[in-house]
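In what follows, every chain begins at residue 1, and chains take the letters A, B, ... in the order their sequences are listed.
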Amino acid sequence: MIVLKMAFRNIFRQKRRSLFTGLSVVGGFALAVIFIGWSDGSYNSIIDQFTRTRLGHIQIHEKTYLDRPTLYKTFADVPKIGAVLDRTSGVEAWTPRVFSAGLAGAGDQSAGARIIGIDPQREERTTRFEGTIIQGRPFRGPAAREAILGKGLAEILQAKLGDEIVLLSQGADGSIAEDQYQLVGVTSSGDEMTDRIAYYLPLSTAQDFLVLGAKVHEIAVVVSKLGRVQAVSRAIAAGLADPALSVEPWQVFAKSFYDAMKADQAGLWVMLFVIVIIVAVGVLNTVLMSVLERRREYGLLKAVGTRPGGIVRLVVLEVLILSVISMVIGAGLGLGANAFLARHGIRFGSGFTYGGMVFDTMRSEINLRSFTIPAVTVFVSALLVGLFPAIKASRTEPARTMRMH
Amino acid sequence: MRKLLVLALAALTSLPLLPQESPPARAEEIVRRMDELYRSSTSEALVEMEVVTPEWQRTLRMRAWSRGMKDTFIRILEPKKEEGFATLRIGNEMWNYLPKTAKVLKVPPSMMMSSWMGSDFTNDDLVKEFTFVESYRFEMTTPDAPEPGLVYVKCVPKEGLPIVWGSVVLAVRESDLMPVWEKYYDEKGRLARDIEFKDVRTFGGRRIPATMELVPAAKEGHKTVLRYVEAKFDIPLSPDIFTLRNLQAGR
Amino acid sequence: MLFTMKLAWRNLFRNKRRTLIAGIAIGVGLASMIFTDAITQGMLGQMIKSATAAYLGEGQIHRQGFRLTQEAGLTIDGAAGVVAGLEKDPAVEAFAPRAEGFGMITSPSDVSAVMVVGVDPSRERRLSRVDENIRQGSFFEGSNARDIVIGGDLAGILGVELGDRVVITVSQAGGGDLSQDMFRVSGVYRFGVKEMDEGFAFVRLAKAQEMLGVGDGIHELALKFKDINFATEKNNPFWAQYSVGGNEAVSWAVLLPQLRDVLGLFWISLAFMAVILFGVVAFGIINTLFMSLYERMFEFGVLRAVGTRPSGVRRLIVFEAGALAVLSIVLGTALGVVVTLVVAKTGIDYSGIEFAGTAFYEPLYPALQLRQFVVYPLATLAFTLLIGLYPARVAGQMKVADALRKSL
């Protein structure tokens, strides 16, 4: 207890030095908190931007669909699944889709096409589909006899708004599926290869055309907090409890994108590590200097009988108490800054449009690990850093040091 | 559709006519008969095609005209949903007529090769424009469990030709050399597909098997059956048949 | 002036331990800036590489219009001249010519649509990674014209193995005849990416040219540059230089606009994080400098007492700050270089952390660049000098009596 009191007193006795050491920790800690909050937040912002448009965060399919998609791998009961989704916490919106391949034609031109049936209202709410429309307008309703083409396909077919675009494919009952739909819109998704073959139809129209009845190939789900996507995915799977369906987060169905993103993560850990090192060195610097300056004191303490262990404890306690106080302050500052950045984010320049969404802000994120990781690492490094000078201090020879100065 | 005719022609003409030693002389005779069985300068036929898959089953009835090996015109008559659908192929170009929209759609070359109507025929059947007569080496053979009254010929494609089979075994009736079945094997000797010929009948003076049943070995539950209801060979055909105008006529 | 400098320097080394500690503290800050910069460059370069090195290349040259329609007739204009130019071009590390067309591949049991690509094996090896991902067979070893290399997924769909027969059908240039030929599977690769493993069939260049009926024409030249960042610049004269005579040369940014966008976002995200990092470093410098100077206020008080003018003391302090900065720069740059070089050799292998590993996961290599050794040290010097102005002012302004009474 005495040691504790002494440690406290020492801290407040040398205000300036304590201040410096403390500031070192405050600054480093706060910045580490902001660093993690920002890296998590902006990482998720980027992923969100790219998966929310078109793909969604989570997808539901018939079990073997993703491996080898075919027209026949469908599932029904969309309303029932929808009810489960609406009940699952974390789900923000969902939308059903059907897919097939066919031949599209306009005038003398024809080209292979990927038929995509979408529910206009739900698709808009989930992936902001309407934002990708660069010409014309969205579908009037889920049963409209209208088509929206990808930019590249419209170009290849030399199609203009209002033209009838013929579509030939095969129905799920083996019959020939042929019809024509009026071009009401042209989309640009940001992916050239998709736009070259995309032929969108309203969902019911597509289901009729492909003789699918009420069946669909996919339900895309968007979650409110991207960081929880895997937990939500598991919750949905549990809620559906259907072994014939699979529920996958974007890390699975957008694997190549995921791989590209992973490259980012390690670099960040490295940077964090560097920050911790800097903070540790700063603390070491100030503590060491302070210990060296106070050798006379320690000599005196030893002369009056304090054991080396006691001195070690004293120095280490000083460092720890200081660190804890600083960490608390630093945490407050850091979390406060994160909260601000999470709400307001940082606008960058003119922003850009991807998949129809204007993206000009990146946000920070408040999460547990933005506090715990710095807390643990700064605390541990302060401890370790304090040990070295403490041991040095405990080794001072009373006689020699008291003769100094 | 034309593919089915071409298939019929091709399958049966894909046997060599190269003269070899004495058993091959018999084989050659068998093969030549096969070759000439379905070959004609022109033809007009009423055909039924039944396609069976694990997911659905359909029977189409169509009328088909052919000229040479490349020009075909096919119009679907039944079922009602597809009535009026037509395909025209001239040389290397292909068009479809879509009755519901009354539009003609040109089929891009790359898509000409995908399965038509979901049947089991592959692009091999489509592009066999050149005679395969010279493309195989052949010999009489005896399978493990030979049936009485049948003779067998084994044909192996010559190296370097764009043929995907390892070998083809043809079984014909000893009495009239009518084909009974044809089995296609891959190079490892695994059966890839099996065509059975049934119902030998006379059409316009020719005796041919009216029914051909193709079963692909790799795909469970798939089968395509082709049946000639009527057929006429080497008859004069108006060139107007093989025109876009006829395609668009819709009937 | 010179005297002050000498004095400053000598002062610094009077208390070796303190100077060393302070120098190391600032030096570590500098080293970390250099290292972080290198890591960041490495990261961004890595992302570009992972998207382009597999097959696409960092840039491509085509005939105009080919990218949209993929028509076999649209071969590169004056290909021989373009190739000659590329061979001489100092910025180009490798290039691979390709003749390609959409077609079908058939096996005894199935048929699949596929992009048939004719490649020049030795050139292709230096550019794309198909050869590095061969799991069975080889990437066109030998000289058999009937070699075909396909992805594992495609082999599965077709039910074929090494050595099995397949037939390729493509339509010739000029919208004409269909061309068919027989091949034997000589290699099977696996990227773990469905589009790659399912959608391509590689044959020898001459064979593809023959089947597509393009003579010795080629449809695509994939490019790899010596510097991964070369292709990033939109206004790089390279693109204009090769976009002549009916051709167009485009970078990966045009071919993969999503990658370009993702990288842009990363840049912004990283920039902010770099600001944070620099903040930490700056903080450390301020801390260190103030500490070491404030310790010695007594000393400076003595100097004032014996008659040194305020300006003299100010100058001394600033010079001391400068001297410390120089020392720190030496230490820091050395440390930064060493650490970066060491890590550059071994790379940071993070396949074990957090996420399950993928097919091939490259370690992260920091990228050393000259400007890192110029910009950051100079910035540190300037900043330290700037910071030193404050204690200098305090020392200059203090009352001598107060200073002499200062004890810590």
Notebook entry, point to check: Has C:Asp216 got more than 12 heavy atoms of other residues, nucleotides or ligands less than 6.0 Å from its CG?
Noted result: no
Check: With a 4.5 Å limit on heavy-atom distance, are the side chains of C:Arg165 and B:Asp186 in contact?
Finding: no
Next item on the list: Go through the structure and list residues passing salt bridge (charged side-chain N to carboxylate O under 4.0 Å, His left out) with B:Glu159, not counting sequence neighbours.
Entry: C:Arg184
Note to self: Surrounding NZ of C:Lys194 (heavy atoms of other residues, nucleotides or ligands, distance under 6.0 Å), is the total greater than 12?
What the structure shows: yes
Check: Taking atom OG of C:Ser109 and atom NZ of B:Lys219, what is their separation to the nearest 0.5 Å?
Finding: 9.0 Å
Which atom pairs, one a donor and one an acceptor, fall under 3.5 Å between side chains of residues 150-162 of chain C and the rest of the protein, sequence neighbours left out?
from	atom 1	to	atom 2	distance (Å)
C:Asp153	OD1	C:Arg190	NH1	3.1
C:Glu161	OE1	B:Lys188	NZ	3.4

Notebook entry, point to check: Of the non-hydrogen atoms in C:Thr106 and B:Val164, which two are nearest, and what is the gap between them?
Noted result: O-CG2, 3.3 Å
